[in-house]
Amino acid sequence: MTKPESGLSRPIQPMPAAVKEALEEHGLVAAYQARPPYQRNDYLGWINRAKRPETKERRLRQMLSELEQGDVYMKMDWRTGRADVHGD
């Protein structure tokens with residue numbers, strides 16, 4: 001993990017190849033990039049921390065589903081352009 005340049009106070013999580021491929025395969029790269037840096041970082045950290053492959057896959061599917069819906073973040077309502085509630 002590297003120290004962030006994006007204004008995040010947490011270390012930036014690496015993008016696993018499987019996540020990148022899934023975003024490309026589902027046409028969700030732009031939706032992912034449109035999310036605030038803290039959300040992108042949180043999703044990656046959440047997926048990366050899973051120990052079991054099944055858990056990683058389930059978390060990846062949830063992220064993809066939320067990106068498709070557009071108004072959900074970690075099973076919570078979220079609106080584009082909303083103020084950064086995490087203060088990062």
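Everything numeric in this text was worked out from a predicted model, so none of it was measured. Numbers here are sequence positions counted from 1.
At least one side-chain heavy atom of Pro16 sits less than 4.5 Å from a side-chain heavy atom of Asn48. Considering only heavy atoms from C-beta on, Leu23 comes within 4.5 Å of Met15 through its side chain. The side-chain heavy atoms of Gln39 and Trp78, taken from C-beta on, include a pair separated by under 4.5 Å. In this structure, the side chains of Glu57 and Glu54 stay at 4.5 Å or more apart for every pair of heavy atoms. For the pair Lys56 and Arg52, the minimum side-chain heavy-atom distance is 4.5 Å or more. Taking 4.5 Å as the limit, some side-chain heavy atom of Tyr73 sits within range of a side-chain heavy atom of Asp42. The closest side-chain heavy-atom distance from Gln62 to Lys75 is below 4.5 Å.
Arg49 places a side-chain N or O within 3.5 Å of a backbone atom of Gly45 that can act as its donor or acceptor partner. Under a 3.5 Å cut-off, the side chain of Asp71 and the backbone N or O of Asp77 do not form any donor-acceptor pair.
Residues Trp46 and Val72 do not share a hydrophobic cluster, clusters being chains of Ile/Leu/Val/Met/Phe/Trp/Tyr side chains in contact below 4.5 Å. Residues Met63 and Met74 share a hydrophobic cluster, clusters being chains of Ile/Leu/Val/Met/Phe/Trp/Tyr side chains in contact below 4.5 Å.
Contact record, Ile47 with Arg59: CG1-CB, 3.9 Å, taken as the closest heavy-atom pair. Here the shortest heavy-atom pairing between Leu64 and Ala22 reads CD1-CB, 4.0 Å.
Summarising the geometry, atom OG belonging to Ser65 is positioned 11.0 Å from atom CG belonging to Leu60; distances are rounded to the nearest 0.5 Å.
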Evaluate Leu67 against His26 for side-chain contact (heavy atoms from CB on, under 4.5 Å), listing each step before the verdict.
CA-CA 10 Å; Leu67 291 172; His26 289 86; over 6 Å; no
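A donor-acceptor pair shorter than 3.5 Å can be found between the side chains of Tyr43 and Glu66.
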